[in-house]
There are 2 protein chains.
Amino acid sequence: MRYEERFETVVKSAASVFAKRGYHRASIRDVAKAAGMSVAGLYYYCRSKDELLFSVCYHSFDILLQTLQRSLKSVSHPEEQLRVFILTHFEYFLTHVEAMKVVSHEAGVLTGEFDARVAEIKRKYYLRCQQIVQAIVGESDSESPRLRTTTLALFGMINWVYTWYRPGRDDDAKGLADCITELFLHGVKPRAETGG
Amino acid sequence: MRYEERFETVVKSAASVFAKRGYHRASIRDVAKAAGMSVAGLYYYCRSKDELLFSVCYHSFDILLQTLQRSLKSVSHPEEQLRVFILTHFEYFLTHVEAMKVVSHEAGVLTGEFDARVAEIKRKYYLRCQQIVQAIVGESDSESPRLRTTTLALFGMINWVYTWYRPGRDDDAKGLADCITELFLHGVKPRAETGG
DNA sequence: TACCCGTTCGAGCGTTCGCTCGAAAATAAA
DNA sequence: TTTATTTTCGAGCGAACGCTCGAACGGGTA
């Protein structure tokens, strides 16, 4: 299947170009050049620039979600689930930096159906995380504002990474995950040590 | 001083338009319209669109940094400093949502001198925060990777807010600050309670 | 050979972009 | 009033944008 291969090339090139230049700054000509084809040729594989952004976002998040489901399948203890969730997230982010930068950064650019479908899959991801947090804190109300804030704080920690992570300087996914998991569970100043 | 007033109008309009449409999507014509003047008239107050973005970012961060210094002046206990830092951050973010969204989201668009000056002031802000964290965790090495990761995790929590905060639905600055401070210090599952 | 059909492209359409010009209008100073 | 200075703008330039068209390419089949 020549088509499928070429399509993947196109989406990957788009992810790379969008990540480097930002969605609006990146032109369709840049993407075409990166994919090694003409502008007209590029449009054989997509209907619009927006659809290209959608493809990048949707594909990435879809695979991330699937990877997460698979990783969590064999883990039942909530705190271990959290560690697995965070690790999976970092591993995926660090091996798909460009795509995930686009996903994180260009959210809100899409509209209509594209926006709805990406928002839907993001929500699934969020809810799966919230479930884990809920189990850990022992909250019975899934609508609790506190639960929401706490979960979104966790999301902040793990999503913000793309703005500062530098390979070589910073720790790998495992190291980061351990650090963040520990921080989220017990904080920087566990009470147990302050009383002694 | 007619000029100064008009200039502030221009910067505020730019912040608003950039926040709503995103920097690249927003056109200079949008900003001019929002400021109630013609495109040519707008250029009497700035040299380029980039300079406009710089003004928005630099002004905002400059005032935030000054506000922070003032707030921290009378606080010496590290944990209390942390609470004040987070609260100040949220209060400023929530009263300058548009500007801060631009600052957070359009970082990396600027280049050269503009980029350098914004990066410099951001670094000052980061280092002030790192000092506080360092005092809390009792770390002696300011270059510690762990300290870096921990501080940036905190930044993630407080900077990510602009992507999800909804006035009315979510708590106010004080409530958020308490929640995040507690989370950062002791985690969601303090050890003191798990030991029995 | 001829035909087909999935794939590719050069050329270019219409629009919007950031930005500038010279002149006019508003304001202040004489 | 006249003069000088600050502020405003309509008109439009050149470039880049997203996107499209009809034609051509090239490997497989008959």
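Naming: A, B, ... by sequence-line order, numbering from 1 per chain.
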Rounded to the Å, how far apart are [X] [atom1] and [N] [atom2]?
| X | N | atom1 | atom2 | answer |
| --- | --- | --- | --- | --- |
| B:E5 | D:dT7 | CD | P | 11 Å |
| A:E51 | D:dT20 | CD | P | 11 Å |
| B:Y44 | D:dT7 | OH | P | 4 Å |
| B:F7 | D:dT8 | CZ | P | 14 Å |
| B:I28 | D:dT8 | CD1 | P | 16 Å |
| A:D30 | D:dC19 | CG | C1' | 15 Å |
| A:L52 | D:dC17 | CG | P | 15 Å |
| A:D50 | D:dG18 | CG | P | 10 Å |

| NZ of A:K33 to OG of A:S38: how many Å apart, nearest 0.5 Å? |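 Taking NZ in A:K33 and OG in A:S38, the distance rounds to 12.5 Å.
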
| query | Does a nitrogen or oxygen in the side chain of B:Y45 sit under 4.0 Å from OP1 or OP2 of D:dT8? | reply |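 Checking D:dT8 against B:Y45, a side-chain N or O does come within under 4.0 Å of OP1 or OP2.
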
| message | Strictly below 4.0 Å: does A:Y43 bring a side-chain N or O up to OP1 or OP2 of D:dT20? | response |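 No, no such contact exists.
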
Any pair counted as salt bridge (charged side-chain N to carboxylate O under 4.0 Å, His left out), so long as it reaches [range], sequence neighbours left out:
| range | answer |
| --- | --- |
| residues 34-49 of chain B | B:R47-B:E51 |
| residues 130-147 of chain B | none |
| residues 152-178 of chain B | A:R148-B:D170, B:R83-B:D178, B:K174-B:D178 |
| residues 12-24 of chain A | A:K20-A:E98, A:R21-A:D30 |

| said: Under 4.0 Å, heavy atom to any atom of DNA chain D: which of residues 18-26 of chain B qualify? | reply: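 Contacting residues: none.
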
| What pairs with A:Q131 under side-chain hydrogen bond (donor to acceptor under 3.5 Å, both in side chains), at least two apart in sequence or on another chain? |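 Here the qualifying residues are A:R128.
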
Atom pairs and distances, donor-acceptor, side-chain atoms in residues 105-116 of chain B, under 3.5 Å, two or more places apart:
{"unit_1": "B:H105", "atom_1": "ND1", "unit_2": "B:Y162", "atom_2": "OH", "d": "2.6"}
{"unit_1": "B:H105", "atom_1": "NE2", "unit_2": "A:H105", "atom_2": "O", "d": "2.8"}
{"unit_1": "B:E106", "atom_1": "OE2", "unit_2": "B:Y23", "atom_2": "N", "d": "2.9"}

For nucleotides 9-16 of chain D, print each protein N/O atom paired with a nucleotide N/O atom at under 3.5 Å, atom names and distance only.
{"unit_1": "D:dC9", "atom_1": "OP2", "unit_2": "B:S38", "atom_2": "N", "d": "2.9"}

| request: Identify whether NZ of Lys or CZ of Arg in A:R117 sits under 6.0 Å from the centre of the six-membered ring of A:F54 and within 45° of that ring's axis. | output: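 Geometry flag: not set, cation outside 6.0 Å or 45°.
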
| request: Give the angle between the helix axes at the two ends of the helix from C:dT1-D:dA30 to C:dA29-D:dT2, taking five base pairs at each end and rounding to 10°. | output: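 Taking the rotation axis at each end, their angle is 10°.
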
Just to verify, what does [X] make a side chain to side chain contact (heavy atoms under 4.5 Å, CB included) with, not counting sequence neighbours?
| X | result |
| --- | --- |
| B:S13 | B:T9, B:A34, B:A35 |
| B:R123 | B:Y126, B:L127 |
| A:Y44 | A:Y3 |

